[in-house]
There are 2 protein chains.
Amino acid sequence: MTKMMPATDRSLPIALLRARERVMGPIRALLSGAGLTEQQWRGLRVVQEDGPIDPTQIADKACLLLPSLTRILQKLEEKQLISRVRDKEDRRRQVVRIAPAGEKVIADNIEASLELMNRTRAKMGPERYEALLDLLNELDQIDLTE
Amino acid sequence: MTKMMPATDRSLPIALLRARERVMGPIRALLSGAGLTEQQWRGLRVVQEDGPIDPTQIADKACLLLPSLTRILQKLEEKQLISRVRDKEDRRRQVVRIAPAGEKVIADNIEASLELMNRTRAKMGPERYEALLDLLNELDQIDLTE
DNA sequence: CTGAATTGCTTAACATGTGTAGCAAAATGA
DNA sequence: TCATTTTGCTACACATGTTAAGCAATTCAG
């Protein structure tokens, strides 16, 4: 008895993979010009928008695991795009802030980045684009353990 | 002038990332019991379904880059889940086949794997699930270079 | 108040992603 | 036919994903 596997474009994991690759390709190209990876960019943006902020919250908002974020923050600090200090109240914790050079990197790239997403939205059509976001969020809510 | 950034659940790259993570989490857990990574599983399944097959085609069907696939095939060969031989006609090329142990690994896990996807489909509702696949495929067709 | 959890972050180890370079075999063209 | 280009795969380098372990600071139970 042969199990029927869906064609690759009907496989949800693969379809999600391909779609993300399509969206991120041009963004990665843009950021590589600034010497940043996609993940470094996500982390930096969270710090800029929500900082001062601690690493645990950055990881949550940027969808990064803490071990990855540790390395990413080290890189961003080396490049002087952020600064880190220990929290006075709780010395286990750190406070991360955007640095002037970090503000500049964001200013230099945010426009083109938004433009890429707007173009995607326009190409798909705004309704379908929003519908896709809704379905993705719905999928993220699902509890498969039940 | 502050650029408006979408909330993270309205950011397409992040939403795609989270959704994929939600879907793959349980599958990864299942496969780790078999000592396989998600990518090794994808590669192995392509070989089983479409083999004998060469690495370039495996990479295409499994959505893996060739450098990654090289390492993955080495691992699968070490575990004796596949076999590789040079193509007689074109000695640049390889022919990859599933090995008996590989058939067994797939037989032991395919059921639960399919069950997880079916459960996802049921939880979302079949229409929405299909709609999501359609939208993801549509996104994958988009040409952002124009 | 003190020893046992817990928390926040880092390190380590292994695997993959990604871009680039390299090599050998095969196809191409003057 | 021979030099050039292309193709198929591998090697390398750097960055992240993933899981587990480790360490220091803090909290909590008895």
Side-chain angles (χ1 to χ4, degrees), chain A residues 13-14 16-18 20-44 53-60 62-79 82 84-96, chain B residues 13-14 16-18 20-44 53-60 62-79 82 84-96:
Chain A
I14 304 249
L16 286 166
L17 198 57
R18 287 183 175 152
R20 179 151 212 284
E21 192 43 43
R22 181 71 62 190
V23 170
M24 290 313 303
I27 296 185
R28 261 200 292 273
L30 170 69
L31 295 176
S32 80
L36 286 182
T37 67
E38 171 199 337
Q39 292 83 350
Q40 290 168 1
W41 172 251
R42 282 216 305 278
L44 187 61
I53 187 175
D54 62 274
T56 298
Q57 290 183 63
I58 298 172
D60 180 53
C63 290
L64 295 165
L65 295 181
L66 225 21
S68 298
L69 185 65
T70 291
R71 292 174 299 209
I72 290 169
L73 291 180
Q74 287 166 349
K75 295 277 159 54
L76 293 177
E77 196 172 27
E78 280 173 21
K79 300 177 198 232
I82 61 167
R84 285 193 287 181
V85 297
R86 281 213 170 287
D87 187 322
K88 304 277 183 184
E89 319 294 312
D90 184 339
R91 288 184 308 184
R92 290 171 301 186
R93 192 167 292 165
Q94 300 177 6
V95 179
V96 184
Chain B
I14 304 249
L16 287 165
L17 198 56
R18 287 185 175 150
R20 180 149 211 286
E21 199 43 41
R22 179 73 58 191
V23 170
M24 290 313 302
I27 296 185
R28 262 200 291 274
L30 169 70
L31 296 176
S32 81
L36 286 184
T37 66
E38 171 200 338
Q39 292 83 350
Q40 289 167 1
W41 172 252
R42 281 217 305 279
L44 186 60
I53 186 174
D54 61 274
T56 298
Q57 289 183 64
I58 299 173
D60 180 52
C63 291
L64 295 165
L65 294 181
L66 223 23
S68 299
L69 185 65
T70 291
R71 292 175 299 209
I72 290 168
L73 291 180
Q74 287 166 351
K75 295 278 159 53
L76 292 177
E77 195 173 29
E78 280 172 23
K79 299 178 199 225
I82 61 166
R84 286 192 289 179
V85 297
R86 280 212 171 286
D87 188 322
K88 305 275 184 186
E89 320 294 313
D90 183 341
R91 288 184 308 182
R92 290 171 303 186
R93 190 167 292 167
Q94 300 177 6
V95 180
V96 183

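So that the names make sense, note that chain A is the first sequence line, chain B the second, and so on, each numbered from 1.
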Give me the atom names and distance for the closest heavy-atom approach of [X] to [Y].
{"X": "Arg84(A)", "Y": "Val96(A)", "result": "CG-CG2, 3.9 Å"}
{"X": "Cys63(B)", "Y": "Ile14(A)", "result": "SG-CG2, 3.6 Å"}
{"X": "Arg42(A)", "Y": "Leu17(B)", "result": "NH2-CD2, 3.4 Å"}
{"X": "Ala59(B)", "Y": "Leu66(B)", "result": "CB-CD1, 4.0 Å"}
{"X": "Leu69(B)", "Y": "Pro55(B)", "result": "CD2-O, 3.0 Å"}
{"X": "Thr37(B)", "Y": "Leu31(B)", "result": "O-CD1, 4.1 Å"}

Would Asp54(A) and Asp87(A) satisfy side chain to side chain contact (heavy atoms under 4.5 Å, CB included), going step by step from the backbone distance to the final call? CA-CA 9 Å; Asp54(A) 62 274; Asp87(A) 187 322; over 6 Å; no

Contacted region of DNA chain D by chain B, from 5' end to 3' end of the hits, cut-off under 4.0 Å to heavy atoms, spans dT7(D) to dT18(D)

Using a 4.0 Å heavy-atom cut-off, write out nucleotides 8-17 of chain C from 5' to 3' as B (base contacted by protein), S (sugar-phosphate only) or - (no contact). SSBBBB-SSB

